[in-house]
Amino acid sequence: MLEIAYLRAHPDEVKARLAKKHFPELHLVDEILTADEKRRQIQKQLDNNLAEQNKLAKEIGELFKQGRRQEAEERKSATAQLKEQSRQLEQQLTEVEQEQQNLLVRLPNLPHRLVPEGRSAEDNLVVKQHGKLPELPQGAKPHWELAEQYGLFSLELGVKITGAGFPVYMGKGARLQRALVAFFLDRALEAGYREVVPPYLVNSATAFGTGQLPDKEGQMYHVTEDDFYLIPTAEVPVTNIVRDDILDEKSLPLKFVAYSPCFRREAGSYGKDVRGLNRVHQFEKVEIVQIAHPDKSYDTLDEMVTHVEQLLQALELPYRIVRLCGGDMSFASALTYDFEVYSAAQQRWLEVSSVSNFETFQSNRMKTRFRDENKKIRLVHTLNGSALALPRIVAALLENHQTPEGIRIPAALQPYSGFQIITGNTP
RNA sequence: GGAGAGAUGGCAGAGUGGUUGAUUGCAGCUGUCUUGAAAACAGCCGUCCGUGAUGAGCGGACCGGGGGUUCGAAUCCCUCUCUCUCCGCCA
């Protein structure tokens, strides 16, 4: 949520920057400011009324104390009209506040100046490419065929148990999941992150805090009986750890890492692009989250990008880093770097991580602030990134490291997996 | 699931209708003292909104959330949420 004070002071700039994001409803900005103007006017009147009422109430108390009942009773009747007026003003205020809030939460975050112009994924800027694209032998298979050959996971079984998009991992496929999670967590711990095991169901206030609600509830599974949502990412519960907090400046940055399963309804497309593990409803992810000082959050973003890079290097996967253009960025983000791993057998880039700075967009919703050296209260910046999301990493790992003898496990991962190769004849 | 108790400022803990945004203690900040620190003493010490210059000051709101009674509510009533204790069930 954008800060109303900023909107008030820089309406044209806000519109220009929203346009870069290809936000189609620029008229909302003026509507918000109109509502804001109205709100302040009503607030002023109401405050004056209440002040008058307070004054009268005090006087009446005094008069009663002095035993001047007659005069007290006279004042009582004088408040009736004021009260009725205040009641109406209060109602108006609530309405206009609600209206302003409803409009305000529809505005996406403003893009950072580094964000490239552009409408779609094709306009994203590749800022770095690392590693040689592998040349696979003839007959190289996509991961879903490899999975079948080596018995690593089954989507059919998932359909039986739950439905489409709920893979069942087994044998070395399951152990590989566990190895990756442990590996990612350990690397994050080494980088100074504090490990968190969050709830996987969240309430609506939490989902609002990080920007999932309203509007994007379609992405989440909703447990209606209790009004809880299954988390689409650990970002949601972990970032909300600091909701409603005023933090000590010295405690920044707060660094959290959490493993969690993630649940996404994703009513997206079907077909070739979503085969195998490319898009599923339930998957594993290790997420890093930082609560940063606003003056330093872009250094933090770079640090997180480097962290993710090191993971991909350790897994010996060719990757590129892409800076998302205005039209391709998420609602809440100010600047996002996507990590894509090249999947040789599918001959395409797979998004395996997304690292973003949300600046004050989430903290303004969550009311997460800190007291700076001048005792002034300011909103923090929040950041997060996948480090990493498993399914596509597994896909890339299987495809890029396949050999005639089996699937080679990268050296860095072997202490966690307990095996060096996946072959057809081991459980 | 059943029964009871409770929710007050960073923490502890008063306050049951009238200058109470709220006694007090601890923590924190500033000053005096000290070579420095501690101790002692004095002062300050919530958030949000409105209005000012993002200052001071002034006005308003907030004692878990929402609603009600009243000239006036932290204090009374209703309701929701949460916490604790006991019982039941249970990984």
Side-chain angles (χ1 to χ4, degrees), chain A residues 1-11 13-14 32-101 104 197 199-209 213 223-229 237 240-252 254 294-295 360 363-380:
Chain A
M1 190 165 73
L2 298 180
E3 295 165 71
I4 185 64
Y6 193 84
L7 213 72
R8 215 142 59 196
H10 313 279
E13 184 207 318
V14 166
I32 290 165
L33 292 175
T34 305
D36 184 53
E37 185 57 43
K38 198 168 146 198
R39 191 198 99 238
R40 285 147 73 199
Q41 212 178 329
I42 296 170
Q43 175 93 55
K44 228 183 290 183
Q45 287 178 39
L46 178 60
D47 283 356
N48 288 341
N49 259 28
L50 292 176
E52 184 64 22
Q53 281 172 233
N54 287 344
K55 209 178 96 191
L56 281 170
K58 239 173 238 180
E59 287 174 9
I60 291 168
E62 263 319 299
L63 291 172
F64 269 123
K65 231 182 266 178
Q66 297 171 16
R68 295 153 72 180
R69 293 197 72 90
Q70 189 75 32
E71 290 166 79
E73 290 300 332
E74 282 165 23
R75 307 259 162 132
K76 270 198 197 182
S77 54
T79 59
Q81 196 190 344
L82 268 178
K83 267 184 80 175
E84 174 56 20
Q85 220 172 51
S86 295
R87 205 188 55 78
Q88 282 176 21
L89 284 168
E90 217 158 317
Q91 199 182 329
Q92 285 174 34
L93 184 65
T94 307
E95 270 168 35
V96 72
E97 274 174 350
Q98 194 58 247
E99 181 194 343
Q100 185 183 342
Q101 175 77 356
L104 201 53
V197 180
Y200 305 144
L201 285 166
V202 295
N203 58 33
S204 51
T206 295
F208 174 82
L213 290 181
V223 181
T224 52
E225 184 79 22
D226 300 284
D227 198 21
F228 291 149
Y229 294 87
N240 273 278
I241 287 173
V242 294
R243 190 174 78 227
D244 294 325
D245 280 350
I246 297 177
L247 302 165
D248 187 347
E249 183 175 30
K250 291 193 285 288
S251 72
L252 302 177
L254 296 173
D295 299 344
T360 61
S363 60
N364 192 34
R365 290 171 159 244
M366 295 193 302
K367 301 282 166 276
T368 303
R369 294 152 295 168
F370 72 101
R371 215 180 291 276
D372 73 9
E373 57 210 318
N374 302 318
K375 302 248 177 104
K376 207 181 136 190
I377 288 175
R378 300 169 64 187
L379 292 167
V380 299

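Convention: sequence-line order gives letters A, B, ...; per-chain numbering from 1.
- Using a 4.0 Å heavy-atom cutoff across all strands shown, L46(A) reaches no nucleic acid atom at all.
- Applying a 4.0 Å cut-off to non-hydrogen atoms, none of the residues of residues 88-100 of chain A approaches RNA chain B.
- The separation of G67(B) from U54(B), taken at their C1' atoms, amounts to 36 Å, rounded to a whole angstrom.
- With hydrogens and angles disregarded, a donor-acceptor distance shorter than 3.5 Å links the side chain of D248(A) to the backbone of K250(A).
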>> Would I32(A) and I4(A) count as a side-chain contact (heavy atoms from CB on, under 4.5 Å) here? Give the steps.
In response: CA-CA 9 Å; I32(A) 290 165; I4(A) 185 64; 3.7 Å; yes
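- When distances run from any side-chain atom of L50(A) to the nucleotides G50(B), G60(B), C48(B), the shortest one goes to G60(B).
- If you check every strand for non-hydrogen atoms under 4.0 Å, K375(A) touches sugar and phosphate atoms only.
- Proximity of N54(A) to the phosphate of A61(B): a side-chain N or O atom is located under 4.0 Å from OP1 or OP2.
- To the nearest whole angstrom, the two P atoms, one in C63(B) and one in G21(B), are 12 Å apart.
- Residue pairs satisfying the side-chain hydrogen bond (donor to acceptor under 3.5 Å, both in side chains) criterion with at least one member in residues 363-373 of chain A, sequence neighbours excluded, are absent.
- Counting distance only, with no hydrogens placed and no angle test, the side-chain atoms of D47(A) and the base atoms of G60(B) include no donor-acceptor pair under 3.5 Å.
- Nucleotide U85(B) has A3(B) as its partner under the Watson-Crick or G-U criteria, with both atom distances under 3.5 Å.
- Contact annotation: R8(A) reaches the phosphate of G50(B) (side-chain N/O to OP1 or OP2, under 4.0 Å).
- Across all strands shown, C76(B) forms a Watson-Crick or G-U wobble pair with G68(B), both key distances being under 3.5 Å.
- The closest side-chain donor-acceptor pair between Q41(A) and Q45(A), if any, does not fall under 3.5 angstrom.
- Proximity note for Q43(A) (side chain, C-beta onward) versus C49(B), U47(B), U54(B): the nearest is C49(B).
- Base pairing annotation: G57(B) forms a Watson-Crick or G-U wobble pair with U51(B), both donor-acceptor distances under 3.5 Å.
- Proximity of K55(A) to the phosphate of G72(B): no side-chain N or O atom is located under 4.0 Å from OP1 or OP2.
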Check the interface with nucleotides 17-20 of chain B: list each N/O to N/O pair with the protein under 3.5 Å, or write none.
residue	atom	partner	partner atom	Å
G18(B)	N2	A57(A)	O	3.0

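- Nucleic acid contact class of R378(A) (heavy atoms, under 4.0 Å, all strands): none.
- Taking CG from N203(A) and CG from L213(A), the interatomic distance works out to 9.5 Å, rounded to the nearest 0.5 Å.
- Within the 4.0 angstrom heavy-atom criterion, no nucleotide atom of any strand lies near N48(A).
- In this structure, Q81(A) places its CD atom where only 12 or fewer heavy-atom neighbours from other residues, nucleotides or ligands lie under 6.0 Å away.
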